[in-house]
Amino acid sequence: MHVCPVLGMSSEPRAISELRTRTRFEPAAVEPALIRAWLESGLFHPEPEGEASENYSIAIPPPNITGALHMGHALNGAIQDTLIRYHRMLGRRTKWIFGTDHASIATQRQVERELESLGTSREELGREAFIERVWSWRERYGATIVEQYKRLGASCDYRDERFTLDPDYADAVLGVFVELHERGYLHRDHYMVNWDPGSGSAISDLEVEEREETDTLYSIAYPLADGSGELVVATVRPETMLADSAVAVNPADERYAELVGAEAVLPLVGRRLPVIADDYVKPDFGSGALKVTPGHDPNDFEIGRRHGLPEYSVIGEDGRMTAEAGEAFAGLTVAEARTAVVAALEQEGALRGREPYTHAVPYSHRSGARIEPLISLQWFMRMDELAGPAIECVLDDRVRFHPGRWKQVYLDWMGAIRPWCVSRQLWWGHRLPVYYCDACEETYVARVRPERCGACDGPLRQDEDVLDTWFSSALWPFATLGWPEPTAALRAFYPTDALVTAREIIFLWVARMIMMGLQFTGEVPFADVYVHAVIQAPDGRRMSKSLGTGIDPLEEIERRGADAVRFGMLAMSSTQDVRYNVEKIEQGERLANKLFNAARFVLLGIGEHPGPAAPIPTAVEDRWILSRLERFELELAQRIESYDFPRVALALYDFVYGELCDWYIELVKSRIEEPELRATLRFVLRETLQVAHPVMPFVTEELWQYVREPDEGLLAGVARAPREGSAIDADAEAALERVIGATQAVRRWRNEVGVAPGVTVAARLEADGYAELRPLLARIARLDLREDGGDGVTSVAIPGGALAILEGVDLAAHEQRRERERARLAAEIERLRAKLANDAFVANAPPAVVAAEREKLARLEAELDAL
RNA sequence: GGGCGCGUAGCUCAGUGGGAGAGCGCUCGCUUCACACGCGAGAGGUCGCUGGUUCGAAACCAGCCGUGCCCACCA
């Protein structure tokens, strides 16, 4: 028989008596069972019904199968789950689309490393066996990250898990490739790419990072062919001179005007190089003459194409010099070749100088290897036409960025978008659906492999390359829902509502999803893009395993609870980068415990057979807490909907600590026998748990099992009823503001003059506005309030007047204290009087501001008088 | 070179036109019958610098200093 780990066998709420001995919330002991209960409930798996406009959905940024949960995931997940649970509890059909990414290059490298440690390699295994091995690697490790998301409490639809290499998903990817090819966006070309020798593949511009480095800048003399002199060029990469095909000067440079059209001779090689004129050349850099190497420099490549220069390739994809580099250099590594070329130039007397030179050097973000720009045969995607609609939809706010400043960043990049190299020389991934006939050089792009060549009936060979990972993730929001089939899921959950991410993948992923979404579904893939903080290490460096600055969120979850980590993440999150500080997690841990104990007080006070849970206010503090509760609910909703998560966390903390526990519970402790109060307390507790649940699902779910009705299930599945009427009560709020202010004044006085907190003090109220509040104030401030009592020993300023203290001990201390208080009030009054005496202020400031200042002055004057 | 941020209490950060805030840390007090992961009280700040706008600036503008990130084709 199956028993729900949380709800148990019966539908009765759990016995309140259990709580007697549980004086602390112990997350590690209860969270696993709560996770099981949620997963088994099916609450996270909505049936695909209705339209996307009435439902709520978010597609998770799919974690890599290689990954383990890091702080970035924890933050990203905490935010999304807050949104998801909030909307689910609003009663909307809510789906958090979940899955993992095959992460072509990252995964392949991981498995390659494993093979290396076993003394073998992917080449030795062969393509088929290697891919099989990656699949089995995925079987073994791919679930880790999924379990970790569950541990965080992320309420994803795990029953509908996707993988970017699932058969259906792969079909969608190949279909898109074929379609884009038919529409003329894809073509194959010899073109300059960023070659990553570390992974043996081309990578995209976005995967290149620049690092400042100091190299040597060599000056080399190229003699003119007619023997009339020489041109001196400068380079940090002398080895590439072997592939030079021209020398360029600026057309406006008078020094060289005569030489344009002449020829120079390439040292070591002897090749004749035309001297050409191109605007790219900066006359004031070095000698003003530039060696042009179209095969190994992106700028020179452009110049070369402009002038129709030959393209020599002297560096191969293996990072070694090719045969084209000449016998003396072929087979050397780039570094060896550099030394050899410099030596040879020196010997020839062509070296004119060397100096240290600091410049930006491209490195692979993937492998860390230095990028080798070279010409390679790749598939490229033309982006300019796709960008148009993707720019439109952001301009007209169909897609909104939060915070808004990212809009311009996105638009700037989109406006200058460049072709995207989509082929990768890897094995793990979506293999290009491109087939070549070697016999007649025909090319076929087709979803299903053609049998034979249609032209010559020859055999076909499939392209060896796979697609850039981001090509398949660009389809994520709709390919996960069954696209291109018109599924019910697609109708119900696409377009999605929000995309939550850090800024680093705005271009890599967000922009491409928007382009592909518009191109293939005709709709934007999401309405809101929330760009959250990047969490740095406590010392401000990047959090990374390799730097040793990483902090494992799972350890923190085990130690302090998932609620604590989630709360901490939200509290830390920001629209700018923030340093990780464990104090925020600890704050969350304390908040969970506080909530737990507040609930204990309420429930143990009420006892085993509770009455109704309904607001039945009989005292001003009841009306006050109901009013504050409603404001808190409204604020939390507003903060969540405007993606202001730090203040979601703060508002929750302030309400629970500041209003519910410090004041309301303390105020009503002596009334716990009243049935009306019990009803109100149960109501307030249930509401608080519901509102807090999206942020701290575990402790709230645990407590819910003690306050729910028999016919209610999990808190995660509660659909909150819309409020009827409003409990906001300005009078009650003003009244409690006085009581709280007076209580704090009395406590301050006690502290200053040494009257113990437990001692009841005889006093007389000399202030207005306390008529109904006398018993309440007496209780909470421990006063024995009397009508008379003669002259007071001293007095304490309280809102609206003063409190005469009728018995005391140390007269001198009292008088000193009272003097200080008078001085404080007098100074404040002086400041206000001066302000109000300023005609410019009275004339120019808004009337409401002036009135408020006058009112305040009157109040302070009354307080000073009463003293 | 261009762009976007940030500089507020010892630390981490809110505040963005009318009384300088939170959490942690610190000091003092409290075996108050939910919680010592607790309760109460308190100390602590030329709001980076300079100038401007305004009756009024931490907030708006300009410049400067410091710091972080993104983009970019100077060998």
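Note that these values count all heavy atoms, side chains included, but never hydrogens, waters or copies made by symmetry. To find a chain, count down the sequence lines: A is the first, B the second, and so on, and within it residues start at 1. All values reported here derive from a predicted model rather than from experimental measurement.
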If we call it a pair only when both distances are under 3.5 Å in a Watson-Crick or G-U wobble match, what pairs with [N]?
{"N": "B:rC37", "value": "none"}
{"N": "B:rA58", "value": "none"}
{"N": "B:rG63", "value": "B:rC49"}
{"N": "B:rG68", "value": "B:rC4"}
{"N": "B:rU12", "value": "B:rA22"}

Between [X] ([atom1]) and [N] ([atom2]), how many Å, whole number?
{"X": "A:Phe507", "N": "B:rC71", "atom1": "CZ", "atom2": "C1'", "result": "7 Å"}
{"X": "A:Phe655", "N": "B:rG23", "atom1": "CZ", "atom2": "C1'", "result": "20 Å"}
{"X": "A:Asp284", "N": "B:rA75", "atom1": "CG", "atom2": "P", "result": "13 Å"}
{"X": "A:Arg418", "N": "B:rA72", "atom1": "CZ", "atom2": "C1'", "result": "8 Å"}
{"X": "A:His296", "N": "B:rA75", "atom1": "NE2", "atom2": "C1'", "result": "16 Å"}
{"X": "A:Leu206", "N": "B:rA72", "atom1": "CG", "atom2": "C1'", "result": "13 Å"}
{"X": "A:Arg20", "N": "B:rC33", "atom1": "CZ", "atom2": "C1'", "result": "13 Å"}
{"X": "A:Asp300", "N": "B:rC73", "atom1": "CG", "atom2": "P", "result": "13 Å"}

*Under 4.0 Å between a side-chain N/O of A:Tyr653 and OP1 or OP2 of B:rG23, yes or no?*
no
>> Between A:Arg22 and B:rC35, is there a contact of a side-chain N or O with OP1 or OP2 at under 4.0 Å?
In response: no
Atom [atom1], compared across [N] and [M]: separation rounded to whole Å:
{"N": "B:rC4", "M": "B:rG40", "atom1": "P", "value": "46 Å"}
{"N": "B:rA14", "M": "B:rG48", "atom1": "P", "value": "14 Å"}
{"N": "B:rA72", "M": "B:rU16", "atom1": "C1'", "value": "33 Å"}
{"N": "B:rG66", "M": "B:rC26", "atom1": "P", "value": "36 Å"}
{"N": "B:rA57", "M": "B:rG52", "atom1": "C1'", "value": "11 Å"}
{"N": "B:rG7", "M": "B:rG42", "atom1": "C1'", "value": "29 Å"}
{"N": "B:rC24", "M": "B:rG44", "atom1": "C1'", "value": "14 Å"}
{"N": "B:rC6", "M": "B:rA75", "atom1": "P", "value": "32 Å"}

Between A:Arg354 and A:Asp215, is there a salt bridge with N-O shorter than 4.0 Å? no
Between A:Arg559 and A:Glu556, does any NZ, NE, NH1 or NH2 come within less than 4.0 Å of an OD or OE carboxylate oxygen? yes
key: Whether over 12 other heavy atoms sit under 6.0 Å from A:Glu213 CD   = yes
Heavy-atom check, side chain of A:Glu26 versus side chain of A:Glu31, under 4.5 Å: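 Heavy-atom side-chain distance check fails, nothing below 4.5 Å.
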| message | A side-chain contact here means heavy atoms from C-beta on lying under 4.5 Å apart; do A:Arg370 and A:Val361 qualify? | response | yes
Test side-chain contact (heavy atoms from CB on, under 4.5 Å) applied to [X] - qualifying residues, sequence neighbours left out:
{"X": "A:Phe507", "answer": "A:Leu206, A:Val409, A:Trp413"}
{"X": "A:Glu586", "answer": "A:Arg560, A:Val582, A:Glu583, A:Glu589, A:Arg590"}
{"X": "A:Ser642", "answer": "A:Gln638, A:Asp644"}

### Message
The test is salt bridge (Lys or Arg N to Asp or Glu O under 4.0 Å); show your working for A:Asp284 and A:Lys282 and say whether it passes.
### Response
CA-CA 6 Å; A:Asp284 51 353; A:Lys282 304 275 184 293; over 6 Å; no
Counting the atoms with a prime plus P, OP1 and OP2 as sugar-phosphate, which does [X] contact under 4.0 Å by heavy atoms, base, sugar-phosphate, or nothing?
{"X": "A:Phe596", "value": "nothing"}
{"X": "A:Ile665", "value": "base"}
{"X": "A:Arg779", "value": "nothing"}

A:Phe698 and A:Phe25 aromatic centres sub-6.0 Å: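 No, they do not, as the ring centres are separated by 6.0 Å or more.
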Letter by letter from the 5' end, nucleotides 36-48 of chain B scores (B base, S sugar-phosphate only, - none; protein heavy atoms under 4.0 Å) -BSSBSS------
Protein heavy-atom contacts under 4.0 Å, written 5' to 3' over nucleotides 10-20 of chain B as B (base), S (sugar-phosphate only) or - (none), form the string --SSSS--BB-
* To do: Locate the shortest heavy-atom distance separating A:Thr240 from A:His296; write the atom from each residue and the value.
  =>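 Heavy-atom minimum between the residues: CG2-CB, 4.1 Å.
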Within 45° of the six-membered ring axis of [Y] and under 6.0 Å from that ring's centre, is NZ or CZ of [X] located there?
{"X": "A:Arg211", "Y": "A:Tyr363", "value": "yes"}
{"X": "A:Lys835", "Y": "A:Phe841", "value": "yes"}
{"X": "A:Lys594", "Y": "A:Tyr653", "value": "no"}

When you compare the protein's N or O atoms with those of nucleotides 2-4 of chain B, which come within less than 3.5 Å of each other, and at what distance?
none

Do A:Lys282 and B:rA75 share a donor-acceptor pair, side chain to base, under 3.5 Å?
->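 It does not, because no donor-acceptor pair links the side chain of A:Lys282 to the base of B:rA75 below 3.5 Å.
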| message | Heavy-atom nearest nucleotide on RNA chain B for A:Phe285 versus A:Ala840: which residue maps closer to 5'? | response |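 Going by which nucleotide is closer to the 5' end, it is A:Ala840.
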